[in-house]
Structures are given as C-alpha cells and as structure tokens.
Amino acid sequence: MADEALVVIDLQNDFCPGGALAVAGGDEIVPLVNDLIRHADHVVLTQDWHPAGHSSFASSHPGSQPFTMIDMPYGQQTLWPDHCIQGSLGSDFHSGLAWTKAELVIRKGFRPAIDSYSAFFENDRTTPTGLAGYLRERGIDTLTLVGLATDFCVAFSALDAISQGFKTTVRLDACRGIDLNGSLETMLHRMRDAGVALEDHVLD
C-alpha cells in the first residue's frame, strides 16, 4: 500500500474533552486512530497552530461571542474560543496518540489574519499548505482521513483532497463532529456528493 497515506486531522488536546474547543467524545477515537496508524505505510498529521490573538478568535473581536459568524476579507468565518495557541499544552497532540510514526506534520492556521480548516488550503481557498505537492512527490494518490472535527477540518480536508485528485475515504468511526447548527449533516452530504467514500466500521 505504498501509494496510500493515513491523514490524522487535529487530534490535539484543545479539541478533546477538557480542552478549549472540546469535541464531544474527541478522545474516544484515539485507540482506533492508533490502530490505523500501526497498519498504515505512510502517516501525515495536521496540527492547528494559531498565534495568540488570531483573527478567528472571538476574543479578537470586541463584543463578539464564540460560534457566531463574521465577514472576513476571504468570506464568512466562524468565531471560535481561543484554542491551539502555538506552544501551549492545548496545541499538543493528545497524549495517547501514537504520533511518532508520522512522516510529516502540517501546521495550519499560523497566519494571523486567516483561519485554516483544510489540510490542503487556508480558508481563502487559494493559499496552499504544500500537502498536495508533498503527497504527489511521494507517489501517494489514495488517502484515508480521521480525526477532529468531522464537519470542519476533516470535511474541508476531504473535499480538497478530492478536488486535488486524490482517492479519499473518511473513516467516520475514527472522527467526531461539532455539529454547529446542523453542520454535521450538511458536510456529510457535501462529502458524499463530491465523491468522498464515507466508512463507518462500527456498523459492519
């Protein structure tokens, strides 16, 4: 399976229970993700990596509340609680994650004026992270995505992977979602329509 890679999205402390932007059950997927890592030939991790005072933080917009929307130069942006600040405990990978096998860690969201959900592009949809080029140079054309959160960083990564020509599967049993105003169902539909294979081995 030398042409396949496992991409683990943002399995960081701040997205797990007790974190600043906790996804319900986010830590429950760690054993399954570790098992997938053990069986993968190639592993890539992404890491949300925000400077303090990032423009996507509600605290950077006086009077704004987390989980509300504002207009940014690149389009609409959900405002979040301060999270995954560079070098903080919250930005670290979950302590149970067997991350050492990773061949590449893509850090995203480090530009102060723009957020980044996808492993492939910033939220302006044009600034690349370099992941697509890396995978192509390695001869990898098939991806399995797992991690947090299903309806944001996982989904946007999967949609971009398809648009970049990669055969893409999302293991839903190894993801957990936020489900903000119905976002989970919306993004599951978008992924299906785009040609992302959605697998849930809990149901097998």
Side-chain angles (χ1 to χ4, degrees), residues 1-50 83-110 116-120 129-158 160-161 164 166-178 184 191 196-204:
M1 309 300 238
D3 58 351
E4 298 185 16
L6 178 71
V7 183
V8 182
I9 305 289
D10 296 0
L11 197 37
Q12 295 164 261
N13 289 328
D14 267 347
F15 296 127
C16 292
L21 184 47
V23 179
D27 54 347
E28 297 171 357
I29 66 173
V30 171
L32 177 53
V33 171
N34 286 344
D35 189 55
L36 292 169
I37 287 172
R38 271 192 294 275
H39 291 94
D41 283 340
H42 303 291
V43 179
V44 173
L45 304 182
T46 72
Q47 190 174 22
D48 227 25
W49 196 248
H50 296 307
H83 66 281
C84 295
I85 293 171
Q86 296 169 358
S88 68
L89 183 62
S91 70
D92 287 349
F93 294 120
H94 185 281
S95 60
L97 181 65
W99 58 266
T100 55
K101 190 177 173 182
E103 298 170 357
L104 177 72
V105 176
I106 288 282
R107 285 177 167 165
K108 57 192 184 64
F110 55 80
S116 184
Y117 298 154
S118 170
F120 292 91
T129 65
L131 178 57
Y134 173 87
L135 294 170
R136 288 192 190 104
E137 283 202 1
R138 298 288 307 279
I140 293 166
D141 61 12
T142 302
L143 305 178
T144 297
L145 273 60
V146 300
L148 306 172
T150 314
D151 41 341
F152 283 91
C153 295
V154 173
F156 282 97
S157 297
D160 283 344
Q164 293 296 302
F166 296 97
K167 182 182 178 186
T168 306
T169 298
V170 170
R171 279 285 299 264
L172 294 175
D173 51 333
C175 300
R176 291 293 183 273
I178 297 175
L184 186 56
M191 286 192 284
V196 178
L198 301 179
E199 295 185 5
D200 192 341
H201 290 231
V202 170
L203 303 177
D204 287 358

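Side chains are part of it too, since the values below use all heavy atoms of this structure and drop only hydrogens, waters and symmetry mates. Bear in mind the structure is a predicted one, so any value in this text is a computation, not a measurement.
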Please give me the minimum heavy-atom distance between [X] and [Y], naming the atom from each residue.
{"X": "L148", "Y": "C153", "result": "O-CB, 3.8 Å"}
{"X": "S118", "Y": "T129", "result": "O-CG2, 4.3 Å"}
{"X": "C175", "Y": "T150", "result": "CB-OG1, 3.3 Å"}
{"X": "V43", "Y": "A40", "result": "CG2-CB, 3.9 Å"}
{"X": "A119", "Y": "S157", "result": "N-OG, 2.8 Å"}

F166/F120 under side-chain contact (heavy atoms from CB on, under 4.5 Å): CA gap, chis, key distance, verdict | CA-CA 12 Å; F166 296 97; F120 292 91; 4.0 Å; yes
Taking NZ, NE, NH1 and NH2 as the nitrogens, is one of them in K108 or D48 under 4.0 Å from a carboxylate oxygen of the other?
-> yes
Please determine if R138 and E103 form a salt bridge, counting it only when a charged side-chain N lies under 4.0 Å from a carboxylate O.
->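 A salt bridge links R138 with E103.
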When the ring planes of Y117 and F156 are compared, do they come out parallel, tilted or perpendicular, using 30° and 60° as the limits?
-> tilted
Residues two or more places apart in sequence or in another chain: which of them pass side-chain contact (heavy atoms from CB on, under 4.5 Å) with D35?
->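 Applying side-chain contact (heavy atoms from CB on, under 4.5 Å) to D35 gives R38, H39.
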Determine the sole option in V170, I106, V154, V44 for which the side-chain contact (heavy atoms from CB on, under 4.5 Å) test with I9 is passed.
->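 With I9 as partner, V170, I106, V154, V44 yield a single side-chain contact (heavy atoms from CB on, under 4.5 Å), made by V154.
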Test side-chain contact (heavy atoms from CB on, under 4.5 Å) applied to L6 and L45, L145, D41, V146, the passing residue = V146
Consider only side-chain N and O atoms of T142 and D3, and report whether a donor and an acceptor are under 3.5 Å apart.
->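 No, no side-chain donor-acceptor contact under 3.5 Å.
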N/O donor-acceptor pair under 3.5 Å between S88 side chain and Q86 backbone |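 A pair under 3.5 Å: no.
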Do the side chains of Q12 and H83 get nearer than 4.5 Å, heavy atoms only?
-> no
So how far is it from D151 CG to L184 CG, rounded to the nearest 0.5 Å?
->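 Atom-to-atom, D151:CG and L184:CG are 5.0 Å apart.
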